[in-house]
Peer 1: 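I have a structure here, written as C-alpha cells, and I will follow up with some questions on it.
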Protein chains: 2
Amino acid sequence: MSGDGLETDQLVVDVFARNCSSRGILEHITGRWGTLALAALAEGPFRFNALRRKVDGVSEKMLAQTLQALERDGFVHREAEPTIPPKVEYSLTPRGAEVAAKLTALIEVVESAVPQVAEARARYDAAKAR
Amino acid sequence: MSGDGLETDQLVVDVFARNCSSRGILEHITGRWGTLALAALAEGPFRFNALRRKVDGVSEKMLAQTLQALERDGFVHREAEPTIPPKVEYSLTPRGAEVAAKLTALIEVVESAVPQVAEARARYDAAKAR
DNA sequence: CAGTATCCAAGACGATACTG
DNA sequence: CAGTATCGTCTTGGATACTG
C-alpha cells in the first residue's frame, strides 16, 4: 500500500478522466464478455453452465471471471444452494437490470444496423483500394 | 420469414452466436476506447488531437485505430481539409449518433451508480476476507 | 497537425486438468 | 455442477520515432 505522489482519487466520476472510478466499472460492463453476460441475464436467471451455453464461445475461466467482477460491482446476484451437486443461479440486481436495459437497447440498434454496416464497410474498403 | 435451420455464417445476427456479424460491430463500439470516442463525439465534432486530449489516456495509435474501425463501420464521419497543416474533423454519422445516444445513457447510469458500486465492492471484499 | 511504423511488455484469453 | 489452478499463446496497447 503506497501513498506516494500518485493519488488514486477515490471519487473522480467523469468517464473521460484517467483514473476515474466510472471507467473501471464501465469496462467490466462493456468488456468482451460483460456485455453478453448482462444481456443474457436480462432474459432471466441462469445457472452457470446454462449461461455458458447461451453465451456462445466463452470459456469457463472468462465466464467465472466476468461474473465475479459483475457480482463484486453489485450488478449480478449469485445464489448458491449448498446441495450436491451444487446449484448456483445468477440473476441481475435492480441496478444490474438498469444497466442491462441500456445494453439491450444498444444491442438492438446494432443488430438493426448490421446490413448498413456491411454496406459501409464495402464502400470504405472499395474507396481505400482505389 | 426467419429460417429455422442454421443457414449460413454470413448473416447471423444474434449477438449470442459465435461468428456473428453483430458481435464484431458491438466490440468496436464497446471496446476500451470505442465507447469513449463515441461519447466524446456525441458532444460535437472534434479534431484528432482535441479528441485525444478529451479522451484522457488514449495513445495516438489506439485513437487512430479506433476511429478507423468506427469510420469503416459507418458510425463516424471523417472530413479532411487538404490544407497545410492538415485539418481533419471527426463527427458522428446519423447512425453513429443513435449508437452514441445509447452509450451516453449507459454512461449516465454507471456514473450515478458509482457510490453504490463502491459500497458493493467493500461488502464483497469484506465477505470474502472472512 | 495528423497520422504511420516498429518494437516490446503486460495481460487477456483458451484448453486442459483437477477439486469440492 | 460449479468452479479453481496452471500454462502457453496471441492480442492489446503504450512509447517512440518518423513522414507528409
Side-chain angles (χ1 to χ4, degrees), chain A residues 6 16-20 23-37 40-41 45-72 76-91 124 127-129, chain B residues 16-20 23-24 26-37 40-41 45-72 76-91 124 127-129:
Chain A
L6 209 163
F16 294 117
R18 219 182 2 228
N19 297 334
C20 153
R23 253 204 218 181
I25 301 169
L26 194 64
E27 281 173 17
H28 289 156
I29 293 169
T30 62
R32 185 160 180 202
W33 302 116
T35 305
L36 295 174
L41 289 174
F46 275 87
R47 295 178 61 176
F48 187 85
N49 279 298
L51 201 53
R52 184 151 141 60
R53 263 170 267 128
K54 173 86 178 172
V55 181
D56 196 21
V58 68
S59 66
E60 286 184 8
K61 178 184 165 183
M62 292 315 297
L63 185 56
Q65 198 170 295
T66 300
L67 252 15
Q68 279 168 18
L70 293 175
E71 189 199 352
R72 188 169 106 101
V76 163
H77 175 66
R78 178 178 181 275
E79 187 73 37
E81 288 177 29
T83 57
I84 294 181
K87 176 177 176 179
V88 179
E89 198 167 70
Y90 290 92
S91 56
Y124 182 93
K128 202 181 54 181
Chain B
F16 294 117
R18 219 183 359 230
N19 297 334
C20 154
R23 254 204 216 181
L26 194 63
E27 281 174 16
H28 290 157
I29 294 169
T30 61
R32 184 160 180 202
W33 303 115
T35 304
L36 295 173
L41 289 174
F46 275 87
R47 295 179 61 177
F48 187 85
N49 279 298
L51 201 52
R52 184 152 141 60
R53 266 173 311 240
K54 174 85 178 173
V55 181
D56 194 21
V58 68
S59 66
E60 285 184 9
K61 177 186 166 181
M62 292 316 297
L63 185 57
Q65 196 170 294
T66 300
L67 252 15
Q68 279 168 16
L70 293 174
E71 189 200 353
R72 189 169 105 99
V76 162
H77 176 66
R78 177 178 183 276
E79 188 73 36
E81 288 176 30
T83 58
I84 295 183
K87 176 179 176 179
V88 180
E89 196 166 71
Y90 292 91
S91 55
Y124 183 93
K128 201 181 54 181

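Since the structure is predicted, the reported quantities are computational estimates derived from the model, not experimental observations.
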Peer 1: Could you say whether A/Pro85 or B/Lys87 is positioned toward the 5' end of DNA chain C, judged by the nucleotide with the nearest heavy atom to each?
Peer 2: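 Per heavy-atom nearest nucleotide, the more 5' residue is B/Lys87.
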Peer 1: How would you list, by chain and number, every residue that makes a side-chain contact (heavy atoms from CB on, under 4.5 Å) with B/Ala64, sequence neighbours excluded?
Peer 2: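 Residues passing side-chain contact (heavy atoms from CB on, under 4.5 Å) with B/Ala64: B/Phe48.
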Peer 1: Using the test salt bridge (Lys or Arg N to Asp or Glu O under 4.0 Å), find all partners of B/Glu27 that sit at least two apart in sequence or belong to another chain.
Peer 2: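 For B/Glu27 the salt bridge (Lys or Arg N to Asp or Glu O under 4.0 Å) partners, ignoring immediate neighbours, are A/Arg32.
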Peer 1: Answer with base, sugar-phosphate or nothing: what part of the nucleic acid does B/Gln68 contact at a heavy-atom distance below 4.0 Å?
Peer 2: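 Counting heavy atoms under 4.0 Å across all strands, the contact made by B/Gln68 is with sugar-phosphate only.
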Peer 1: If every non-hydrogen atom of A/Ala37 is compared with every non-hydrogen atom of A/Leu67, which pair is closest and at what distance?
Peer 2: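 So the two residues come closest at CB-CD1, 4.4 Å.
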Peer 1: Mind checking side-chain contact (heavy atoms from CB on, under 4.5 Å) for A/Glu79 and listing every partner two or more places apart, or none if nothing turns up?
Peer 2: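 Scan of A/Glu79 (side-chain contact (heavy atoms from CB on, under 4.5 Å), adjacent residues dropped) gives A/His77.
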Peer 1: Could you write out DNA chain D as dot-bracket? Rules: Watson-Crick or G-U wobble, both distances under 3.5 Å, brackets [ ] for crossings, | for pairs with another strand, dot for unpaired.
Peer 2: ||||||||||||||||||||
Peer 1: Kindly write out the residues that satisfy salt bridge (Lys or Arg N to Asp or Glu O under 4.0 Å) with B/Lys54, not counting sequence neighbours, or none if the list is empty.
Peer 2: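 Scan of B/Lys54 (salt bridge (Lys or Arg N to Asp or Glu O under 4.0 Å), adjacent residues dropped) gives B/Glu43.
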Peer 1: Chain A on DNA chain C: first and last contacting nucleotide, 5' to 3', under 4.0 Å to a heavy atom?
Peer 2: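 The contacted stretch runs from C/dC13 to C/dG20.
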Peer 1: Tell me every residue that passes side-chain contact (heavy atoms from CB on, under 4.5 Å) with A/Lys87, counting only those two or more places apart in sequence or in another chain.
Peer 2: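 So A/Lys87 forms a side-chain contact (heavy atoms from CB on, under 4.5 Å) with A/Arg47, A/Glu81, A/Thr83.
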Peer 1: Going by the rule side-chain contact (heavy atoms from CB on, under 4.5 Å), which residues pair with A/Pro86 if we only count those two or more places apart in sequence or in a different chain?
Peer 2: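 If we apply the side-chain contact (heavy atoms from CB on, under 4.5 Å) test to A/Pro86, skipping adjacent residues, there are no hits.
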Peer 1: Just to verify, what does B/Arg23 make a side chain to side chain donor-acceptor pair (under 3.5 Å) with, not counting sequence neighbours?
Peer 2: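 So B/Arg23 forms no side chain to side chain donor-acceptor pair (under 3.5 Å) with any residue.
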Peer 1: Nearest whole angstrom, please: distance from the C1' of D/dA5 to the NZ of A/Lys61.
Peer 2: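 Rounded to the whole Å, the gap is 10 Å.
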Peer 1: Closest-nucleotide mapping onto DNA chain D: is B/Pro86 or B/Met62 further toward the 5' terminus? I mean the 5' end.
Peer 2: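 Final value for this comparison: B/Met62.
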Peer 1: Determine the minimum heavy-atom distance between B/Leu70 and B/His28, stating which atoms define it.
Peer 2: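 Residues B/Leu70 and B/His28, closest heavy atoms: CD2-O, 4.0 Å.
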Peer 1: Under the salt bridge (Lys or Arg N to Asp or Glu O under 4.0 Å) test, which residues partner A/Arg72, sequence neighbours left out?
Peer 2: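 Per chain and number, A/Arg72 pairs via salt bridge (Lys or Arg N to Asp or Glu O under 4.0 Å) with B/Asp125.
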Peer 1: Please work out which residues in residues 48-59 of chain B have a non-hydrogen atom less than 4.0 Å from an atom of DNA chain C and list them by number.
Peer 2: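 Only B/Phe48, B/Asn49 qualify.
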